[in-house]
Chemist: 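Submitted below is the structure of interest, expressed as structure tokens.
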There are 4 protein chains.
Amino acid sequence: MKQKDSHLSNRQKQALQTRQRLLDAGLAVFLENGFQKATISQIIKKAKTGYGTAYVYFQNKDELFIELMEDVMNRFYEVAELSFEPKSKSEAYEMIEHQVRLFLKLAIQEREIMKVVKEAIGLSVAVNDKWLEIREKFIKRITVDVRYSQQNGLAKPTLNAAVIARAWYYANEMFMWEIVEKDITSIEDIVSNLTKMYTGGLYL
Amino acid sequence: MKQKDSHLSNRQKQALQTRQRLLDAGLAVFLENGFQKATISQIIKKAKTGYGTAYVYFQNKDELFIELMEDVMNRFYEVAELSFEPKSKSEAYEMIEHQVRLFLKLAIQEREIMKVVKEAIGLSVAVNDKWLEIREKFIKRITVDVRYSQQNGLAKPTLNAAVIARAWYYANEMFMWEIVEKDITSIEDIVSNLTKMYTGGLYL
Amino acid sequence: MKQKDSHLSNRQKQALQTRQRLLDAGLAVFLENGFQKATISQIIKKAKTGYGTAYVYFQNKDELFIELMEDVMNRFYEVAELSFEPKSKSEAYEMIEHQVRLFLKLAIQEREIMKVVKEAIGLSVAVNDKWLEIREKFIKRITVDVRYSQQNGLAKPTLNAAVIARAWYYANEMFMWEIVEKDITSIEDIVSNLTKMYTGGLYL
Amino acid sequence: MKQKDSHLSNRQKQALQTRQRLLDAGLAVFLENGFQKATISQIIKKAKTGYGTAYVYFQNKDELFIELMEDVMNRFYEVAELSFEPKSKSEAYEMIEHQVRLFLKLAIQEREIMKVVKEAIGLSVAVNDKWLEIREKFIKRITVDVRYSQQNGLAKPTLNAAVIARAWYYANEMFMWEIVEKDITSIEDIVSNLTKMYTGGLYL
DNA sequence: AATGAATGAGACTTCATTCAT
DNA sequence: TATGAATGAAGTCTCATTCAT
């Protein structure tokens, strides 16, 4: 954003570079070997640092991966954060369909790293916890959107926004995993059915 | 059920008993330690058999667990198999709500073993594959139900039954995991919101 | 040789057949998997008998293999037993060259089983001992031949027949293994050089 | 020998010591238990290092043993490398007899470790391969010697030096194993007969 | 003569992490 | 800030063989 780094000492700049080298190397190694088979050994070799150096910047393998994972998930979160202030049911439909499409397209784009994320979730408690945290962030954001529609008389006011948001997110997340794991590339059928059922069920 | 076994030789009966002892011991050990920490060693000790004996009946820890998992999942599947031939939208609503409630109640009942299942899915490829297989069985069954409603003029005929069934199942499965993992006991809010959104979105 | 079996009871005939079935199955399994990887399990499955049955006829896996090995080695031993009563050095040369050629040709013919024999020698004490026994039988036979030549004034009388026979056998055995393991097919160079050196060194 | 190591950091020197401790411990353990029964566990206990440490320096038990084996075999190889430039047949005879004697004496000296080598050759593919490599090195060296004698008009020029060298080496190796395994101590009979036959057969 | 259910010893190896330098 | 030598826990699974039937 602003001119960061500019006020840093050379030493600090170097440190930042080392850190970034580890991150880059980590990404490459995780993509190539998956989470479990990736070793710190491979990562530091690729980053040309010593064993200890990796532990200066990251508590452990999981933390390094989580950093990488957050980068990717931020891209997903940008989609969730898209402004959502529809004036009508049909506008809501358009916006939601658009959002779902972007979300699933992103899954296709980030397929490889997401496969590793899926694996890591099952293997590392820390990664799993991080994932849960990310998920709640998504659900919270969706809950806000649902409430907006209810407050503006577009959506059924008796439904529990939090539960609906969760259900909706769950369906999206699961299709996302399916796309990632089964190498699915055509998503339009999913996009439209998902959106229709959701808006049909939620909106007036 | 019937008198099976009756035609088995004593030897075979004994073998069957040994196998069952291992299964029982396995369940106890998995419940107590979780999937990862459970060891074959603990299981055979509890079953009072030799190491090799376990490997006569099960290829490895994963296979033994999968057998156990299938037993539990069959109880879930019974719910999915409940006859579903509604005459009206409201009858459909009743039936679906009933099914969801049974499904989630079962999750509460089987909470402990399901926690282990969740853990095992992330840890064992074999268990994960089995889970995917079970999931597809559920989705296939739901797809049939959706089609029935469409063919009887109850549900929107333009929706893709397979995709809708999948989305619906996904939402249910995810709430099931949430209930299992967060020790949730009050499910009525989930049941009613889930059902309302689903029937509102799918049915005419 | 004579009409064996004819006087055997049916039961004894059956037993003999079972034994033979095990031997045949053993050969097939050893050839396919090598000594170490071959399992009793595979053998009895192929022979269509029970576990225990194999142990009625053979003390253990090694014994079954040794029986097979003896069959093959008898074919080699026939070469060693070829009558050897040369009248002159040149006749001796011819006979020895002929013998070496037959011996090494046999190695080519029996290559596959001999590979397994080599493996088994290193792995099983019993097989190794049997091999040593077979070797001594060969050397004893050769010693007789060397003595014959010495007694008939054809070979240097001061050489120690036993040591010479052993050295000669060793060279032959080693070339045999080389042919077996390196899939060598052209042996004439070996045959002639071996024979020339041997007769040159031993004969007058 | 010279002051190598001098330029190594303390860290590297320490590492070298650790490695040597493992090698020394390995030798002791292999001598005491043979190859098969020796365990990494015993070795690290004797070397007072951790499990992982052994695997830092050697891929596995086989590799550690191969290192040990190479040390011994180098002593044998020194004998094979003895300069061989005879001026006459009788000088050749003397030199060869001397070499054979040294070779077999060495076998007596190194009997215990060579017993383990023999065992290991049958048990470990890696050790077997290493042995084959060592053997070829010997044979190559002998081939050079045979050629020298042929080129200087001492040995029969029509014989194939490579085959003769191989045959000669084989006889020596086999007697070496016999001496090692049967605890033979009187070698003069072998030395003289072997040399006589060889020189008689090869030289003019 | 034939069967087959049961047995159990036990050695390997990996790799994230530490901490003295 | 960077290094890298050292650590060590821990759980799998095989398969020849036995012996009661």
Side-chain angles (χ1 to χ4, degrees), chain A residues 9-12 14-19 36-45 48-62 64, chain B residues 9-19 36-42 44 48-62, chain C residues 9-12 14-19 36-45 48-62 64, chain D residues 9-19 36-42 44 48-62:
Chain A
S9 71
N10 277 339
R11 215 175 176 173
Q12 286 172 310
Q14 191 120 47
L16 228 51
Q17 271 176 30
T18 304
R19 193 186 143 88
Q36 175 130 272
K37 286 190 62 189
T39 68
I40 291 283
S41 203
Q42 295 167 311
I43 295 172
I44 61 152
K45 197 176 291 175
K48 294 178 198 291
T49 72
Y51 277 86
T53 313
Y55 287 89
V56 171
Y57 296 102
F58 306 96
Q59 278 186 47
N60 51 39
K61 186 171 114 171
D62 299 31
L64 198 162
Chain B
S9 70
N10 279 337
R11 252 190 177 175
Q12 288 172 308
K13 274 189 235 168
Q14 193 121 43
L16 231 49
Q17 273 176 32
T18 304
R19 191 188 144 88
Q36 176 133 265
K37 285 188 62 189
T39 69
I40 291 282
S41 217
Q42 295 168 312
I44 61 148
K48 293 181 199 291
T49 72
Y51 264 87
T53 313
Y55 288 90
V56 169
Y57 295 101
F58 308 96
Q59 280 189 47
N60 50 42
K61 191 171 99 167
D62 300 31
Chain C
S9 72
N10 278 339
R11 211 170 179 179
Q12 286 172 309
Q14 190 119 48
L16 229 51
Q17 272 176 31
T18 304
R19 191 187 145 88
Q36 176 132 271
K37 286 189 60 188
T39 69
I40 291 283
S41 202
Q42 295 167 311
I43 294 173
I44 62 152
K45 197 176 288 176
K48 293 178 199 291
T49 73
Y51 279 84
T53 313
Y55 288 88
V56 171
Y57 295 103
F58 306 96
Q59 279 188 49
N60 51 39
K61 185 170 116 171
D62 300 31
L64 198 162
Chain D
S9 70
N10 279 338
R11 253 191 177 176
Q12 287 172 308
K13 273 190 235 167
Q14 193 122 43
L16 230 50
Q17 273 176 30
T18 305
R19 192 188 143 88
Q36 175 132 268
K37 286 189 62 188
T39 69
I40 291 281
S41 215
Q42 295 168 313
I44 60 149
K48 293 179 198 292
T49 72
Y51 264 86
T53 313
Y55 288 90
V56 168
Y57 295 102
F58 307 96
Q59 280 189 45
N60 52 41
K61 190 170 98 169
D62 299 30

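Convention: sequence-line order gives letters A, B, ...; per-chain numbering from 1. What you are looking at is a predicted structure, and each value in this text was computed from that prediction instead of being measured.
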Chemist: Rounded to whole angstroms, how far apart are CG on C:Asp62 and P on F:dC15?
Modeler: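 Result: 15 Å.
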
Chemist: Whole-Å distance between E:dT17 C1' and A:Ile43 CD1?
Modeler: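 Rounded to whole Å, this separation is 14 Å.
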
Chemist: Test side chain to side chain contact (heavy atoms under 4.5 Å, CB included) on B:Asn10 and B:Lys13; report intermediate values, then the result.
Modeler: CA-CA 5 Å; B:Asn10 279 337; B:Lys13 274 189 235 168; 4.0 Å; yes

Chemist: If you check the C:Tyr55 side chain, which of E:dA20, E:dG4, F:dA16 turns out closest?
Modeler: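 When the side chain of C:Tyr55 is considered, F:dA16 is the closest of E:dA20, E:dG4, F:dA16.
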
Chemist: In the strands shown, is E:dA20 matched to any nucleotide by a Watson-Crick or G-U wobble pair with both distances under 3.5 Å, and which?
Modeler: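 The base-pairing partner of E:dA20, which may sit in any strand shown, is F:dT3.
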
Chemist: Would you say a side-chain N or O of C:Thr18 is under 4.0 Å from OP1 or OP2 of E:dA2?
Modeler: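 Yes, such a contact exists.
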
Chemist: Among F:dT17, F:dA2, F:dA6, which nucleotide sits nearest the side chain of A:Tyr57?
Modeler: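 Nearest nucleotide to the side chain: F:dA2.
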
Chemist: To the nearest 0.5 angstrom, please state how far the OH atom of A:Tyr51 sits from the CD1 atom of A:Ile44.
Modeler: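 One gets 5.0 Å once the value is rounded to the nearest 0.5 Å.
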
Chemist: Whole angstrom is fine here: how far is it from CZ in B:Phe58 over to P in F:dG11?
Modeler: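 That distance rounds to 20 Å.
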
Chemist: State which of F:dT17, E:dA2, F:dA6 makes the closest approach to the side chain of C:Ile40.
Modeler: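 Shortest atom-to-atom distance from the side chain points to F:dT17.
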
Chemist: Which residue, B:Gln59 or B:Arg11, contacts DNA chain F at a nucleotide closer to its 5' end, judged by nearest heavy atom?
Modeler: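 The residue closer to the strand's 5' end, by nearest nucleotide, is B:Gln59.
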
Chemist: Among F:dA6, E:dT17, E:dT13, which is the nearest nucleotide to the side chain of A:Asn60?
Modeler: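 Given the options F:dA6, E:dT17, E:dT13, the side chain of A:Asn60 is closest to E:dT17.
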
Chemist: Identify the heavy atoms of A:Gln36 and A:Lys61 that sit nearest to each other, and give their distance.
Modeler: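 Distance-wise, the nearest heavy atoms are O-NZ, 3.4 Å.
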
Chemist: What nucleotide among E:dG4, F:dC15, F:dA2 has an atom nearest to a side-chain atom of C:Thr39?
Modeler: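 Among the listed nucleotides, the one closest to the side chain of C:Thr39 is F:dC15.
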
Chemist: The side chain of B:Tyr51 is closest to which nucleotide in this list: E:dT13, F:dA20, E:dA9?
Modeler: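 Ranking E:dT13, F:dA20, E:dA9 by closest atom to the B:Tyr51 side chain puts E:dA9 first.
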
Chemist: Quick one, B:Phe58 with B:Ile40, criterion side chain to side chain contact (heavy atoms under 4.5 Å, CB included). Give me CA distance, side-chain angles, the key distance, then yes/no.
Modeler: CA-CA 11 Å; B:Phe58 308 96; B:Ile40 291 282; over 6 Å; no

Chemist: Could you state the atom-to-atom distance from NZ of D:Lys48 to P of F:dA6 in whole Å?
Modeler: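 Computing the D:Lys48:NZ to F:dA6:P distance gives 16 Å.
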
Chemist: Between F:dA6 and D:Thr49, is there an OP1 or OP2 to side-chain N/O distance shorter than 4.0 Å?
Modeler: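 Checking F:dA6 against D:Thr49, no side-chain N or O comes under 4.0 Å of OP1 or OP2.
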
Chemist: Identify the two heavy atoms, one from C:Lys37 and one from C:Gln42, that lie closest to each other, and give their separation to 0.1 Å.
Modeler: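 Looks like O-OE1, 3.5 Å.
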
Chemist: Any strand counts, and the cut-off is 3.5 Å on both contacts for Watson-Crick or G-U wobble. Which nucleotide pairs with E:dA1?
Modeler: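 Checking every strand shown, E:dA1 finds no partner, since no pair has both distances under 3.5 Å.
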
Chemist: Between E:dT7 atom C1' and B:Ile44 atom CD1, what is the distance in whole Å?
Modeler: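 Answer to the nearest Å: 10 Å.
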
Chemist: Toward the 5' end of DNA chain F, which comes first, A:Gln14 or B:Ala38, by nearest nucleotide?
Modeler: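 Between the two, 5'-proximity favours A:Gln14.
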
Chemist: I'd like to know if the side chain of A:Tyr57 reaches the main chain of A:Leu64, judged simply by a donor and an acceptor atom lying under 3.5 Å from each other, with no hydrogens or angles considered.
Modeler: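 Not at all, since once roles are kept as given, no pair shorter than 3.5 Å links the two residues.
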
Chemist: On DNA chain E, nearest-nucleotide positions of D:Val56 versus B:Thr53: which is more 5'?
Modeler: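 Upstream on the strand: B:Thr53.
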
Chemist: Considering Watson-Crick and G-U wobble pairs with both distances under 3.5 Å, what does F:dC13 pair with?
Modeler: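 In the structure as shown, F:dC13 has E:dG10 as its Watson-Crick or wobble partner.
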
Chemist: Rounded to the nearest Å, what distance is computed from the CD atom of residue A:Gln36 to the P atom of nucleotide E:dT14?
Modeler: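 Roughly 14 Å, once rounded to whole Å.
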
Chemist: Rounded to the Å, how far apart are B:Lys13 NZ and F:dT21 P?
Modeler: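 It is 15 Å, rounded to the nearest whole Å.
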
Chemist: Tell me whether the OP1 or OP2 atom of E:dA11 has a side-chain N or O from D:Lys61 closer than 4.0 Å.
Modeler: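 No, no such contact exists.
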
Chemist: How close or far is atom C1' of F:dA5 from atom CG of D:Leu16, stated in whole angstroms?
Modeler: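 After rounding, the gap between these two atoms is 13 Å.
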
